[in-house]
Amino acid sequence: MRRGDTCSDGGLPMRDRSFTPNRILIYLVVLLVAAAWLAPLAVVVLNSLRSNEEIAQGSMIGWPQHWAWSNYLAAWSGFCVAETCAGIRPYMLNSALVTIPATIFSTLLGAIAGYAVSLWRFRGDTWIYGIVTLGLFLPQQMRLLPWTIVLRDIGLINTLAGLVLIHTIQGLSFTTLFCRNYYVAIPHELIRAARIDGAGFFRIFWRIILPLSPPILVVTVIWQFTHIWNEFLYGVTFTSGQQQPVTAALIALSAAVADIPQHGVQSAAVIIAALPTLLIYLLGGKYFVRGLTAGAVK
């Protein structure tokens, strides 16, 4: 037992809580990094609770003198976006209609693909896996022209269904990689025994693999939901007007008739748009790292 450790009633060593110079330095570095990351968020939150007059008379950084909660109501249902004064509510719905199905489809297809290339070996499986994961290393700008041609030919430009298709296909690289790395730790004897009993590809997947998959499925759902909800490039490129997701609509925020910028309402809109991903992380964040490392060792 290290010096400074004590034993509890159960005989287990307790955590050393002494403040050494190294530990103090670590705490300072962590606090500085956290402050640097949280400072922009703090500014946006504070501005969302300040009136436009207060911001105009002072600066963008300051504590609210009067709590302007009305900014959130205006941002949700009254602010003007692309000449439509309905707030960001319809665009939040657009993002939900894109993110939820795309997350479900890409996670399910990625789980099946990861299962196929990890537990059902066949000729060319390594090449197929390499081609699928190659999508991780291609910049999004390279994909704009091919996706433009595809969406034009199938008639899905400026539609939410087109964005669902894009994010489902784009997400397969991530979900296949995550699921494949998780499934390789599953004993192959389970698959052999099921095949001897007459179970086929999909029956083994539904009856054996899927019940073992919640840890990695949580990872892929959090990853995909956060990425798709926050995605901007495809939304602003392939949709316009009332079909835009909330990230693209935020750029078009403008006051109908105003002499000063609506910084307070705009900040409130940004906070509202960020709430779904924040809630997803708060509810499932503790399972994220646990799921990532679940298949790291056998």
Side-chain angles (χ1 to χ4, degrees), residues 31-100 102-103 158 160 163 167 222-285:
L31 288 175
L32 288 175
V33 172
W37 276 98
L38 293 177
L41 175 62
V43 172
V44 174
V45 171
L46 292 176
N47 283 336
S48 70
L49 298 171
R50 301 169 68 194
S51 65
N52 296 314
E53 293 77 9
E54 181 181 335
I55 296 175
Q57 294 172 1
S59 67
M60 293 293 293
I61 301 177
W63 192 263
Q65 298 179 2
H66 303 284
W67 301 95
W69 296 104
S70 59
N71 288 341
Y72 284 89
L73 180 60
W76 177 250
S77 60
F79 204 54
C80 295
V81 182
E83 300 181 354
T84 301
C85 297
I88 65 170
R89 178 174 53 186
Y91 303 98
M92 292 282 287
L93 178 60
N94 289 345
S95 288
L97 292 176
V98 171
T99 304
I100 294 174
T103 298
N158 199 28
L160 298 181
L163 291 182
H167 291 305
I222 294 176
W223 181 280
Q224 283 297 95
F225 187 96
T226 303
H227 173 75
I228 297 172
W229 186 277
N230 292 331
E231 199 281 327
F232 170 76
L233 181 60
Y234 295 128
V236 77
T237 301
F238 297 118
T239 59
S240 61
Q242 296 299 308
Q243 298 297 318
Q244 287 188 321
V246 68
T247 49
L250 287 175
I251 304 301
L253 282 174
S254 60
V257 179
D259 297 329
I260 58 175
Q262 303 291 305
H263 294 303
V265 181
Q266 292 172 349
S267 298
V270 171
I271 296 299
I272 294 174
L275 284 178
T277 54
L278 179 62
L279 291 176
I280 286 292
Y281 180 78
L282 291 178
L283 294 175

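Heavy atoms only, all atoms of each residue included: P276 and M92 are closest at CG-CE, 3.9 Å. Of all the heavy atoms in A75 and I272, the pair that sits closest is CB-CD1, 4.2 Å. When every heavy atom of S240 is checked against every heavy atom of N158, the shortest pair comes out as N-OD1, 2.8 Å. Across all non-hydrogen atoms, the minimal contact from G235 to A248 is C-CB, 4.0 Å.
No side-chain donor-acceptor contact under 3.5 Å links T237 to the backbone of Y234. Distance alone, capped at 3.5 Å, places no donor-acceptor pair between the Q65 side chain and the E54 backbone. In this structure, the side chain of Q266 does not engage the main chain of A269 through any donor-acceptor pair within 3.5 Å. Between the side chain of S77 and the backbone N or O of G87 there is no donor-acceptor pair closer than 3.5 Å. When atom types are taken as modelled, the side chain of W229 and the backbone of A96 share no donor-acceptor pair closer than 3.5 angstrom. The main-chain N or O of I55 is never found under 3.5 Å from a side-chain atom of E53 such that the two would form a donor-acceptor pair.
Expressed to the nearest 0.5 Å, how far CH2 of W69 lies from CG of N71 amounts to 10.5 Å. Distance NE2/H167 to NE2/H227: 6.5 Å, rounded to 0.5 Å. Rounded to the nearest 0.5 Å, atoms CD1 (I88) and OG1 (T247) are 11.0 Å apart. Taken from CD1 in I280 to CG in L275, the straight-line distance is 12.0 Å, to the nearest 0.5 Å. Here Q242 contributes atom CD and N94 contributes atom CG; the two are 7.5 Å apart, rounded to the nearest 0.5 Å. Distance check, rounded to the nearest 0.5 Å: CZ of F238 to CD of Q244 gives 13.0 Å.
Residues Y281 and T226 have side chains that never bring a donor and an acceptor to within less than 3.5 angstrom of each other.
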Open item on the list: I'd like to know whether H263 forms a side chain to side chain contact (heavy atoms under 4.5 Å, CB included) with N47, so could you lay out the CA-CA distance, the side-chain angles of the two residues, the decisive distance to 0.1 Å, and finally the verdict.
Closed with: CA-CA 7 Å; H263 294 303; N47 283 336; 5.7 Å; no
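When each of L250, V98, L163, I228 is paired with P245, the side chain to side chain contact (heavy atoms under 4.5 Å, CB included) condition holds for L163 and for no other.
For the ring pair (Phe, Tyr, Trp, His ring centres under 6.0 Å) condition, the pairs that include at least one residue of residues 33-66, sequence neighbours left out, are W63-W67.
In the displayed structure, I61 atom CD1 is contacted under 6.0 Å by at most 12 heavy atoms of other residues, nucleotides or ligands.
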